[in-house]
Amino acid sequence: MNHPATDADNHAGAVPAWDDLLAAALLGTDRRRPPVTPRPGQEAPGALLDAAALSTVARRAGLRPAAAWAAPAPAPEDPRPPLPPAARRRLALLLADRSAGGHSGTRAAPDLTELLPQWLALANERGYRAPAPLLPALLDAARARTDLRPEALVLAGPRALWLAALNPEWKFARRGAAGRPPAAGLPSALGPAPSGDAPETTEALLRAAEPRWQEGLFAERVAVLGAVRHRDPAAGLRLLAGTWATERAEDRLMFLDSLREELSAGDEPFLEAALSDRSRNVRATAAELLSALPGSALAGRMAERTRAYVTLEVAPDGTAARVAVEAPVECDGGMQRDGVVAKPPAGRGERAWWLGQLVEATPLERWSEWFGGLDAAAIVALPVADGWQPDLHAAWCRAAVRQRDTAWSRALLGAPSEPLSTPPAAGEAVLAAAATAASWRDPAKLLSALPAAERAVWVAEFIAAHGLSDAFRLLGVCAVPWAAPLGHAVVDALDIARDAGSYPWSFSGVMGLAERCLDPSQADRLEVLTATPDDPEDGSPGAVGYWSEAFQRLVGTLRLRATMRAELLTPAPPGSPCAP
């Protein structure tokens, strides 16, 4: 039988266009005639499906084999020594526990997940490299927990960047540890620093950074800027200034914020120009950085404004009487250019809001000049007129933290025996100060400006005077492991809480900190606390049993931390696969 020419063409290789077939299928053969001729007795939908099948086979037969992907370059070498065998096994256990979904086992068993950050820090102190087979699991852990990333990326070394280029889920690794020096024996984002007999010039540093600064991803550019700033702050500033005008507002903000680490007087001209930036957030950050430089022109302008509003009233006998405050009545254009935000947050008065911003940007050293040579403690002790004390002291607190001033931080903290909820007040200001007492002082931030040893002693005395209820944030700023006085104070307070008959989960946050921060050498001394005494008559039923489990877990965690440290300090035996 002879078919019509169109039918013969359809089955002899003249395949309709795929787009035409697809359009007919989407609209339906009732609404759009298929671009094929049905065979005798065949309906239009069947003809359409036959043509689509034929077209699919023809398209697949006509495809050319795809070119093979180029093999990636070999992973870079990591010259650091490998982990000792026991430490390598410990890392595998810590990573496996993390992927298993959290803590398992009895309540008295240590939580391995919470020990991983400390293990990473110890391994990096020793300068080890991560085992290659564990790198994917390590990067997965760092992707899930941002607090792990700095230490995890140092341990992973240059191979973290190599792997990140192959897996977009690990792209965070390209940011690296921006602004911090590389691990011992490792190159930074710009390659190894020159040796002492081959000094690196600013021009050479900029030439090395330029390609990645111009073409890299944003995270890579942040890393490059941090690396250049660490080696040569002025060179880093030149790098940033070269592209500043073309950067997006959000990128300018991030780059500007990265200048904090190496901030110096040499950054002032650049920051002063940034005060005129079209982005409000950029202007505010530039003003904040300038106010952290007591010798900057902005700090001087803020000081002159503050001096007009805050004065020392002297008694007739010549002694200092009180601090008088007359808050500004407007926020002019000059104040706004220097970083003063005109609109206050909800619940704050405009004048108090403007005054606080002026005072916190004023160099603290100026107050002694204005107040007749009084030191920080004497100035803080002065009464403040008309209920302005909470606002003035709160601004001084922010200034002390921003300028890292130890004397002012110490004076504003006061004695550890003083309750945090009642700041010193005098005369008619008592009631007004009490209304905002809870917000005028942030002891955790003030403590961060003190030396580590002094910090620990202050918090220990605070706990001895007030217990643990208000101490959690204070403990978080103390150096690890806790100094002996602080560790003893925490354990004594926990023991007192147990004797009082309360349940341990009321102190679960402090107990978790103790597991990570107590000196592991204290484990034997705490063994006595794991016993289960009789329930006190007025205590909660079964509480002592829960306390016993909690102390067992504390002691077990401390001993495990001691073991982990010993494993990292023990070198691999000569000739073993893990030996360098």
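Atoms considered below: every heavy atom in the structure, side chains included; atoms not considered: hydrogens, waters and symmetry mates.
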Could you tell me whether a side-chain N or O of [X] sits under 3.5 Å from a main-chain N or O of [Y], the two making a donor and an acceptor?
{"X": "N124", "Y": "E151", "result": "yes"}
{"X": "R498", "Y": "L529", "result": "yes"}
{"X": "R455", "Y": "L450", "result": "yes"}
{"X": "Y128", "Y": "L568", "result": "yes"}
{"X": "H230", "Y": "E261", "result": "no"}
{"X": "S409", "Y": "A449", "result": "no"}
{"X": "W547", "Y": "T530", "result": "no"}
{"X": "D492", "Y": "A489", "result": "no"}
{"X": "W505", "Y": "Y546", "result": "no"}
{"X": "R229", "Y": "G236", "result": "no"}

Closest approach of [X] and [Y], non-hydrogen atoms and distance?
{"X": "L293", "Y": "A265", "answer": "CD2-N, 4.2 Å"}
{"X": "E360", "Y": "Q357", "answer": "CG-O, 3.4 Å"}
{"X": "C478", "Y": "V459", "answer": "SG-CG2, 3.7 Å"}
{"X": "I463", "Y": "A493", "answer": "CG2-CB, 3.8 Å"}
{"X": "A274", "Y": "A286", "answer": "CB-CB, 3.7 Å"}
{"X": "A160", "Y": "L139", "answer": "CB-CD2, 4.2 Å"}

Contact between [X] and [Y] at the side-chain level, heavy atoms closer than 4.5 Å - yes or no?
{"X": "M511", "Y": "F551", "result": "yes"}
{"X": "F507", "Y": "S502", "result": "yes"}
{"X": "S264", "Y": "D267", "result": "yes"}
{"X": "P443", "Y": "L474", "result": "yes"}
{"X": "L259", "Y": "L240", "result": "yes"}
{"X": "R88", "Y": "L91", "result": "no"}

(request) Using side-chain contact (heavy atoms from CB on, under 4.5 Å) as the criterion, point out the one residue from D277, N281, T285 that pairs with R252. (result)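 One option only clears the test, and that one is D277.
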(request) Assess R149 against F172: is NZ or CZ under 6.0 Å from the centre of the six-membered ring, and within 45 degrees of the ring's axis? (result)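 Pair R149/F172 counts as cation-pi.
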(request) Indicate, with yes or no, if the rings of W213 and F255 have centres closer together than 6.0 Å. (result)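 W213 vs F255: aromatic centres under 6.0 Å.
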(request) If a pair satisfies salt bridge (Lys or Arg N to Asp or Glu O under 4.0 Å) and one of its residues is in residues 514-526, list it, with sequence neighbours excluded. (result)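 Counting only pairs at least two positions apart or across chains, the salt bridge (Lys or Arg N to Asp or Glu O under 4.0 Å) contacts touching residues 514-526 are E114-R516, E515-R553, D524-R559.
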(message) I'd like to know whether V491 forms a side-chain contact (heavy atoms from CB on, under 4.5 Å) with L518, so could you lay out the CA-CA distance, the side-chain angles of the two residues, the decisive distance to 0.1 Å, and finally the verdict.
(response) CA-CA 9 Å; V491 173; L518 273 176; 4.0 Å; yes
(request) Verify side-chain contact (heavy atoms from CB on, under 4.5 Å) between S291 and L298, making sure each step is shown before the conclusion. (result) CA-CA 7 Å; S291 67; L298 178 138; 4.1 Å; yes
In terms of side-chain geometry, is the basic nitrogen of [X] or [Y] positioned less than 4.0 Å from the acidic oxygen of its partner?
{"X": "R473", "Y": "D442", "answer": "yes"}
{"X": "E288", "Y": "R260", "answer": "yes"}
{"X": "D78", "Y": "R159", "answer": "no"}

With rounding to the nearest 0.5 angstrom, report the [atom1] to [atom2] distance, [X] to [Y].
{"X": "W119", "Y": "R565", "atom1": "CH2", "atom2": "CZ", "value": "13.0 Å"}
{"X": "M254", "Y": "E247", "atom1": "CE", "atom2": "CD", "value": "12.5 Å"}
{"X": "S279", "Y": "D251", "atom1": "OG", "atom2": "CG", "value": "11.0 Å"}

(message) R283: which residues meet the salt bridge (charged side-chain N to carboxylate O under 4.0 Å, His left out) condition with it, sequence neighbours left out?
(response)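 Salt bridge (charged side-chain N to carboxylate O under 4.0 Å, His left out) list for R283, sorted by chain: empty.
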(request) List the steps, then state whether side-chain contact (heavy atoms from CB on, under 4.5 Å) holds for C397 with L446. (result) CA-CA 7 Å; C397 286; L446 291 170; 3.8 Å; yes
(message) Side chains of S548 and Q552: any donor to acceptor distance under 3.5 Å?
(response)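 Yes, S548 and Q552 have a side-chain donor paired with an acceptor closer than 3.5 Å.
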(request) Test R90 against E567 for salt bridge (charged side-chain N to carboxylate O under 4.0 Å, His left out), laying out the working first. (result) CA-CA 8 Å; R90 181 70 62 190; E567 291 169 349; 2.8 Å; yes
(request) Look at the rings of F462 and H466 and say which category their plane angle falls in: under 30° parallel, 30 to 60° tilted, over 60° perpendicular. (result)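 Tilted, since the angle between the ring planes falls between 30° and 60°.
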(message) Pair W244, F270 - check ring pair (Phe, Tyr, Trp, His ring centres under 6.0 Å), show working.
(response) CA-CA 10 Å; W244 180 258; F270 180 84; 5.0 Å; yes
(message) I'd like to check the side chain to side chain donor-acceptor pair (under 3.5 Å) partners of R89; sequence neighbours left out, ordered by chain and number.
(response)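 With sequence neighbours excluded, R89 shows a side chain to side chain donor-acceptor pair (under 3.5 Å) to no residue whatsoever.
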